Amino acid sequence: MSDAVEAPPADVQAAELPRARTDWLPLALVPALALLALPLVGDVSAWVTLTLAGLAMGMMIFLMASGLTLVFGLMDIINFGHGVFISLGAYATLIVLGPLAGWASAESVWLNLALLLLCIAVAMGLTAAVGAVFERVIVRPVYGSHLKQILVTMGGLIVAEQAIHAIWGASPIPIPLPETLRGAFVFGEVVMERYRVFAVGVGLLVFVAMQLLLNRTRIGLLIRAGVENPEMVEALGYRIRRLFVSVFVAGSALAGLGGVMWAFYRQTLTAGMGMEVMVLVFIVIIVGGLGSVGGCFVGSILVALVANYVGFLAPKLALVSNILVMALVLIWRPQGLFPVARR
Amino acid sequence: MAETPAGTSASTFPEPLLRLEGVHTHIGPYHILHGVYLEVPAGELTMLLGRNGAGKTTTLRTIMGLWQASSGSIRFDGREIAALPTPDIARAGIAYVPESMGIFSDLTVRENIVLAARSGPVDPARLDWMLGLFPALKRFWNLPAGHLSGGQKQMLAIARAIAEPRRLLLVDEPTKGLAPVMVRSMIEAFRALKAAGETILLVEQNFHAASQLGDNVIVMDDGLVVHSGAMRDLVADKALQQRLLGLSLDAHQ
Amino acid sequence: MSPTSPTAAPALETRGLTIRFGGHVAVNGVSCRFTPGTLTAIVGPNGAGKTTYFNLVSGQLRASAGQVLVGGEDVTGLAPSARAKRGLGRAFQLTNLFPRLTALENVRLAVQSRAEAGWTLLSVWSGRRDLIAKAEAILERVRLADKRHVTPSALSHGDQRKLEVALLIAMDPRVFMFDEPTAGMSVDEVPTVLELIQDIKERGDATVLLVEHKMDVVRSLADRIVVLHNGTLVADGEPAAVIASPIVQEAYLGLEAAHG
Amino acid sequence: MTSSPAPTAALDGPRRPRGPLAWLLSFDTPRSWVLSVILLGIVLCLGAAPFLFSGSQPLSTAAKICVFILLVASYDLLLGYTGIVSFAHTMFFGIGGYGIAIALERLGPSWGSAAIGLALGLALSAVLAAAIGLLSLRVRAIFFSMITLAVASAVAVLASQMSGITGGEDGLSFQLPAELRPAFRPFAEPVLGVSVNGRILAYYLILAVTVLGFLLLLRVVNSPFGRVLQAIRENEFRAEALGYRVVAYRTAASVISALAATVAGALMALWLRYNGPDTTLSFSIMIDILLMVVIGGMGTLYGAVLGATLFVLAQSYLQVLMGAGSAALAGLPLLPDLVHPDRWLLWLGILFIVSVYAFPGGIVGHLRKDHHP
Amino acid sequence: QDIKIALIAGKTGPLEAYAKQTEAGFMMGLEYLTKGSMSWQGRKINVIVKDDQLKADLAKTLLEQAYNDDKVDIAVGTTSSAAALAMLPVAEENGKVLIVEPAVADAITGEKWNRFIFRTARNSTQDAYGAAAAVPATGEVSIATLAQDYAFGRDGVAALKSALAAIRPNAKVVFEEYAPQNATDFTASAQRLFDALKDKPGRKIIEIIWAGQHPLPKIADLKPERYGIEIAPGGNILPAMQIYKNYPGMEGAIYYYYAAPKNPMNDWLVAEHQKRFGAPPDFFTAGGFAAASAALTAIEKAGGTDPEKLVKAMEGMTFETPKGPMTFRKEDHQALQVMYHFKVKADGKDQNDLLDLVETIPADKLPIPVRNKR
Ligand SMILES: Nc1ncnc2c1ncn2[C@@H]1O[C@H](COP(=O)(O)OP(=O)(O)OP(=O)(O)O)[C@@H](O)[C@H]1O
Ligand SMILES: Nc1ncnc2c1ncn2[C@@H]1O[C@H](COP(=O)(O)OP(=O)(O)OP(=O)(O)O)[C@@H](O)[C@H]1O
Ligand SMILES: [Mg+2]
Ligand SMILES: [Mg+2]
């Protein structure tokens with residue numbers, strides 16, 4: 001679907017009003033930060049290693065956070081249960097790894113990748129389905145009330161986490177990273193874990209897809225409009241409820257994808273693994289600006305890079321580096337890097 | 001009461017585009033509409049008048065399905081729509097401009113109009129015509145609609161309703177907050193729409209404007225229709241005006 | 001320049017008040033003085049900057065340039081609440097109430113602000129019978145007494161407008177700013193509000209600013225008319241003269257044929 | 001942030017209750033006879049707990065209920081009345097707890113050190129609450145909540161890092177002043193068949209402070225100040241335009257609420273003779289508080305009493321009940337597993353969901369709707 | 001009259017798995033030692049299991065309840081060190097024995113100890129001495145540590161340093177790296193560790209002291225072998241050690257590994273556990289078993305459940321466990337016990353066949369200092 005009205009009629013362009021401009025400043029923040037870190041780190045190869053690792057970690061955080069920013073920002077729903085979808089996505093790999101464990105230890109890149117993609121597909125399917133149920137049973141009755149959302153999704157989280165315990169047991173479960181993705185590429189003194197390269201690929205793909213979907217179709221518009229005034233959207237003839245369900249389901253599926261990526265990174269499954277990253281995820285969304293997919297992307301990278309640099313330069317501060325980033329960004333831009341809507 | 005409810009007296013005429021029969025609406029514990037009968041003939045402009053709190057807005061919202069009629073029938077184009085969900089009512093061909101305007105303030109003017117055109121790109125000729133009616137929208141094409149002035153928001157709300165041809169327009173107090181010059185062009189706009197064959201149900205407080213526009217007039221009070229008939233009859237009858245609306249035309253303007 | 005008593009000390013004055021949104025200048029160097037006892041109507045086409053001007057005066061927006069003076073004191077840097085405390089009262093164009101407090105409570109809060117009772121922590125609010133009585137009296141005046149226990153969300157649009165006016169009256173400010181108080185009000189209700197404004201005006205010491213599109217209202221109430229167009233002050237003076245001026249006739253009333 | 005506290009409409013009602021009790025309750029009476037009866041029951045049970053129930057568990061539960069009533073009421077001042085969603089409330093609870101714990105551990109078990117600890121805790125809470133309020137109550141509500149979440153987690157990290165003072169993850173165990181120890185016996189003879197000891201005195205200390213604190217909070221929310229808070233909750237923009245300095249009022253509300261939470265934390269530490277991060281600082285307590293407010297009914301302090309009582313009872317006895325249930329159901333398929341005591345969290349989660357649905361306006365809202373006096 | 005024992009554990013919450021092991025081990029221990037009768041001298045042994053949800057305050061309340069309301073004779077617990085520490089004063093107030101299992105904090109038998117406290121679990125210092133003992137005894141060894149940045153991690157490193165000083169003077173800790181407790185990205189830490197070690201002569205070892213999700217694969221994937229650096233991961237529960245399989249040859253010390261001890265008690269435990277749960281017993285199963293053995297041996301020796309007699313009997317008492325005999329040291333009531341020096345297997349038969357035993361480190365090779373005040 002393409003925009004109905006692409007540009008204003010010709011004579012409008014002459015009007016003196018400035019057009020909405022892309023805001024490049026936050027984007028410049030990432031390279032600026034990297035450059036600033038270079039002299040501080042000193043050693044170039046260490047700097048490259050840290051920077052690459054940070055970028056890749058940022059992608060993984062982005063994958064986990066993107067679903068939440070979608071749901072949180074567009075639909076104005078705080079899903080504290082998002083973490084459990086990450087866990088669920090992670091555990092879903094077991095469904096694939098059970099019968100196909102051989103593919104993981106095979107030395108073939110293709111088999112390994114196929115296995116990963118299969119895991120992703122299954123995980124996204126599972127989390128999407130659970131997301132649909134979650135939306136229907138848990139979230140729908142509390143649209144509009146953040147507080148109740150927090151409580152209800154928290155309840156959903158506890159129940160789902162217990163369900164994971166009941167199905168897969170309480171002990172941590174190790175999972176094998178496919179053979180060819182183990183270890184690292186070494187270029188002189190610089191090392192880059194292979195898995196991180198893969199994560200960068202997936203992250204970029206998802207980012208681009210989301211951008212296209214939200215900016216090139218009217219779905220994004222409809223959701224934003226629907227959050228502000230669902231009645232009016234219905235009066236315009238759109239079935240907004242159905243759309244909301246799909247957004248929630250998409251958000252859950254993205255969490256599932258993030259979960260798979262995170263699972264293979266951690267190589268151990270625990271039911272609480274999703275919850276553990278939630279504070280980080282929230283920070284990233286806030287830094288980016290609620291609901292901004294681009295902001296979430298930049299925010300993730302920023303947070304991960306800072307964590308790496310700080311971890312190297314002043315490990316004592318690493319504990320609070322995320323909060324530091326958030327505080328600085330909010331002082332600079334109280335609405336986050338890319339403020340989206342003022343609700 | 002001299003005036004018979006519209007539904008009964010008009011039944012010999014061809015089926016009107018919209019007909020309400022004995023519509024009751026409750027909002028929570030409040031009983032707001034107490035059995036509304038009215039009809040809107042196709043191709044004409046019908047004015048809905050009444051004091052504050054008479055139930056005009058409630059009537060429009062009930063037609064749109066935004067509030068559910070607790071009893072009674074609403075027939076649109078021969079089809080019962082009282083039980084349909086709002087999107088289906090809109091898809092049946094009814095456009096609605098709410099009293100609060102209902103613009104999406106996070107979205108730009110352009111995006112507001114894009115959404116209003118449900119079936120695809122806006123016809124360029126129609127767009128030109130719309131922007132000719134409301135030049136301010138052209139100027140603020142890419143501004144978030146929340147930043148528009150009160151009157152500009154009103155224009156946007158109406159532009160949205162006419163972005164695509166619809167069978168019936170429900171408009172709640174469109175001239176509220178418009179400068180006289182804009183009221184004039186709004187009147188022109190509705191004339192033009194009527195000329196283009198659209199059917200319009202218009203709520204208006206500005207009786208002066210209303211008297212220039214309407215073919216028919218319906219007056220409500222206390223959740224009931226208390227008068228319906230031709231506009232020119234009401235314009236001619238000062239006593240009736242005084243009784244129904246508490247004014248005479250001369251007092252205003 | 002003001003037609004009425006140019007020597008009287010202004011209750012409110014703006015000097016070169018300007019605000020830009022990006023490249024758009026919504027209010028452009030507006031200098032104006034408003035003296036006590038005068039009712040000034042501010043008119044202009046939609047989007048002329050009237051509401052924005054009010055926002056700048058009452059502090060909801062920060063000016064890009066220029067000053068706002070209340071009784072000679074510069075309040076340009078102050079928050080809306082501080083300006084309200086100095087006697088600037090404001091009613092809003094789009095109804096802006098406490099949606100889930102009752103009508104009476106809405107008004108009582110305004111009365112309480114005027115009485116500077118907000119920081120009383122250890123006495124019970126309902127003990128202040130005087131404030132409640134005052135609020136009820138005001139509701140009586142705007143003919144909402146029978147709806148005093150109704151919340152604004154359950155009031156019809158016109159009644160909400162009246163409540164908005166009631167809040168402004170309850171604040172009892174030195175400068176009253178009405179932004180289209182009668183918009184959406186049914187014709188038989190309009191006189192009630194006009195009477196209220198007339199009352200305020202007749203008290204003598206109040207300064208009233210009124211944005212209104214209904215020309216009959218403007219004609220019957222205003223001592224002076226200020227015209228804004230594209231953010232700029234383009235005319236200022238006696239009502240009859242201003243209304244007759246070509247710019248108002250054309251740009252505002254849309255009467256192209258009229259000349260003088 | 002949107003929230004849905006109980007509408008305040010009825011407060012304007014024409015009839016105004018009279019009498020000294022009404023004065024104590026700031027004329028904000030329960031306004032439902034069922035609610036009045038329940039509240040009376042709770043108060044009586046709490047008041048007579050040491051004499052009604054034997055054993056240490058009921059008394060511990062009663063003490064915990066008291067502490068949480070105060071804590072939840074203080075949070076309701078913020079959430080229900082002012083519309084501020086803060087996740088940093090446990091931080092103040094923790095400051096109170098640590099104030100007492102550190103003072104008693106360092107300065108020895110005397111009343112003087114308890115007073116010093118409490119005073120320092122209160123001062124720190126006030127400063128922190130004011131600073132957070134002034135700096136960040138200007139931003140959007142949702143950002144404020146997230147900022148408080150971050151601050152609270154930073155403080156938790158700090159508490160864990162400064163293990164030299166706070167005992168880190170392990171927390172601090174300490175001794176109470178002699179009069180509050182189990183060995184202290186003020187009366188030679190048993191009173192009403194119960195031999196009164198220091199534990200029971202400590203319990204009554206906690207109860208007294210809770211009652212006092214609750215009545216004070218009730219007064220605050222029913223004062224002109226409290227009404228301004230509610231106005232701000234409904235429409236801060238309009239409140240500002242009416243001449244109320246929103247940031248100042250909000251900050252004042254957070255400071256008052258923080259002080260009350262600090263007192264609650266101090267009481268908690270006194271009762272447990274222990275304080276640690278999990279006891280007062282953890283996020284799960286924050287969520288419990290939220291739930292208690294919502295179950296009870298936001299924007300009505302009586303809701304805090306009901307919510308805290310119900311939740312603490314559920315938390316204390318759910319596992320026991322489930323144990324019994326599981327035993328009773330033994331032999332059936334699946335069911336005994338579902339009600340196995342180790343699955344109590346599952347039921348807690350369900351309780352979260354169900355209570356939000358079952359009581360959209362909280363229990364108090366529900367009762368007031370159905371049973372007017 | 002029944003013998004009542006309370007078993008307090010963090011049965012719900014993140015360490016549910018640990019608590020389950022403890023409980024299973026404790027019950028199997030009682031079963032084995034009473035030869036299935038679950039009674040002693042005709043007195044039925046009644047175990048009351050309580051869940052403290054890892055909360056210190058709750059643990060404390062539950063223990064009070066156990067002693068006062070349930071009138072238990074001996075209490076055993078608990079999973080979290082914080083909770084265990086909070087419980088200690090309660091035992092003293094009530095004058096009844098508390099056997100601490102499996103909490104490891106040194107302070108339990110150190111500064112916070114009282115005479116009713118006995119611990120069957122190993123303490124952090126024992127872990128550290130074990131790790132030190134697994135370090136080569138000769139030649140120059142440079143060690144860098146990676147630990148979590150809180151009391152547990154810092155104490156662990158301090159203990160390791162004093163252990164090295166005591167038994168491996170040839171090894172030096174040259175660098176200490178502390179990462180946030182919940183860190184997941186270890187690139188920066190690894191970089192710093194490598195930078196610190198790579199130019200050192202002799203053996204270069206990274207000792208990881210970590211509770212929870214193990215950073216081993218993250219460090220190993222960055223190829224420390226480029227600089228000749230080895231990693232000593234330390235022992236862990238079986239599921240956590242399964243990732244070790246990818247890095248055969250690593251050496252370290254562990255508290256219990258089912259295949260290491262050779263005695264009838266362990267043989268029975270392994271066989272029976274495998275039969276009942278389909279997996280070999282783990283860390284905390286052995287611990288629970290040992291606690292049961294300590295309790296029963298003490299009752300036997302004291303001839304009943306009188307608390308004072310129990311305390312007297314337990315001081316210096318030696319009792320059998322799946323790890324062989326342990327002894328409660330007279331001074332601080334810490335059970336002295338063996339540790340195992342392991343090497344990661346190259347090709348295990350199944351997912352739990354992970355380690356080769358290099359050597360059993362006898363208790364007397366681990367001169368754990370006494371830290372309490374009597
Ligand atoms: N949400 C609501 N809850 C309860 N009562 C309502 C609600 N909305 C409107 N009412 C009541 O219903 C009646 C009719 O209201 P309605 O808005 O339809 O009047 P109206 O004719 O449009 O008036 P106006 O000209 O002032 O807009 C009024 O008495 C009003 O108070
Ligand atoms: N935040 C903003 N960003 C950009 N433009 C703005 C913003 N706020 C107002 N404007 C523009 O400034 C102009 C003045 O608006 P204002 O609301 O003051 O008009 P007005 O005179 O009150 O009109 P009306 O009679 O329609 O209410 C309008 O064109 C509006 O679009
Ligand atoms: Mg209306
Ligand atoms: Mg305006």
Side-chain angles (χ1 to χ4, degrees), chain D residues 53-61 63-64 67 97 101 153 156-164 166-176 181-183 199 268-269 271-280 282 284-285 315-316 318-320 322-323 340-348, chain E residues 9-14 16 19-20 23 48-71 80-90 92-94 103 105-108 110-112 114 148-155 178 180-182 211:
Chain D
F53 313 102
S54 66
S56 60
Q57 198 193 7
L59 197 61
S60 289
T61 310
K64 206 170 164 194
V67 171
S153 70
V157 167
L158 205 69
S160 144
Q161 284 285 295
M162 303 197 323
S163 50
T166 60
E169 300 289 304
D170 295 340
L172 294 171
S173 287
F174 53 90
Q175 276 293 347
L176 292 183
R181 290 187 206 158
R199 287 300 272 165
M268 190 78 193
W271 180 252
L272 293 174
R273 292 159 295 153
Y274 166 84
N275 190 49
D278 278 346
T279 316
T280 47
S282 80
S284 67
I285 294 185
Q315 214 183 22
S316 312
L318 192 59
Q319 264 182 315
V320 181
M322 289 176 65
H340 191 276
D342 290 358
R343 290 275 85 84
W344 77 281
L345 272 170
L346 178 76
W347 291 93
L348 186 77
Chain E
K11 289 174 45 142
T12 51
E16 182 174 335
K20 292 253 150 82
E23 188 181 345
I48 302 168
V49 183
K50 291 176 188 280
D51 173 16
D52 68 17
Q53 303 162 22
L54 299 177
K55 291 179 190 155
D57 51 319
L58 189 54
K60 188 165 182 173
T61 313
L62 289 176
L63 185 62
E64 272 174 0
Q65 231 181 76
Y67 287 141
N68 290 322
D69 303 357
D70 303 331
K71 309 267 185 256
S80 132
S81 284
L85 280 165
M87 283 163 49
L88 305 183
V90 181
E92 189 174 28
E93 275 163 21
N94 288 278
D106 280 332
I108 292 171
E111 54 195 309
K112 298 280 157 62
N114 63 63
Q148 277 150 315
D149 194 4
Y150 72 119
F152 165 80
R154 293 191 172 269
D155 292 351
Y178 297 97
Q181 208 177 332
N182 51 3

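The chains referred to below are lettered A, B, ... by the order of the sequence lines, with proteins before strands, and numbering in each begins at 1. Quick caveat: nothing in here was measured; it's all calculated off a predicted structure.
- In this structure, CZ in E:Phe152 is found 11.0 Å from CD in D:Glu169, a value given to the nearest 0.5 Å.
- Taken from CD in E:Glu64 to CZ in D:Arg273, the straight-line distance is 5.0 Å, to the nearest 0.5 Å.
- Within the 4.5 angstrom heavy-atom criterion, atoms from both the backbone and the side chain of E:Asp57 approach chain D.
- The most heavy-atom pairs under 4.5 Å with chain D, out of E:Lys20, E:Gln53, E:Arg154, come from E:Gln53.
- In this structure, the side chains of D:Thr61 and E:Thr61 stay at 4.5 Å or more apart for every pair of heavy atoms.
- Side-chain contact between E:Glu93 and D:Arg181 is absent, with no heavy-atom pair separated by less than 4.5 Å.
- For E:Asp69, the side chain to side chain contact (heavy atoms under 4.5 Å, CB included) partners two or more places apart in sequence, or in a different chain, are D:Ser56, D:Gln57, E:Gln65.
- The two atoms that bring D:Ser160 and E:Tyr150 nearest to each other are OG-CB, 3.7 Å, heavy atoms only.
- Chosen from E:Pro89, E:Ala107, E:Ala86, E:Pro180, the residue pairing most often with chain D at heavy-atom distances under 4.5 Å is E:Ala86.
- Here the NZ-OG distance, from E:Lys55 to D:Ser282, works out to 7.0 Å after rounding to the nearest 0.5 Å.
- Taking every heavy atom of both residues into account, E:Ala105 and D:Asp170 meet most closely at CB-OD2, 4.5 Å.
- For E:Leu54, the part lying near chain D is the backbone, with the side chain staying farther off; criterion is any non-hydrogen pair under 4.5 Å.
- The OG1 atom of E:Thr12 sits 12.0 Å away from atom CG of D:Leu346, with the distance rounded to the nearest 0.5 Å.
- For D:Ser60, the part lying near chain E is the side chain, with the backbone staying farther off; criterion is any non-hydrogen pair under 4.5 Å.
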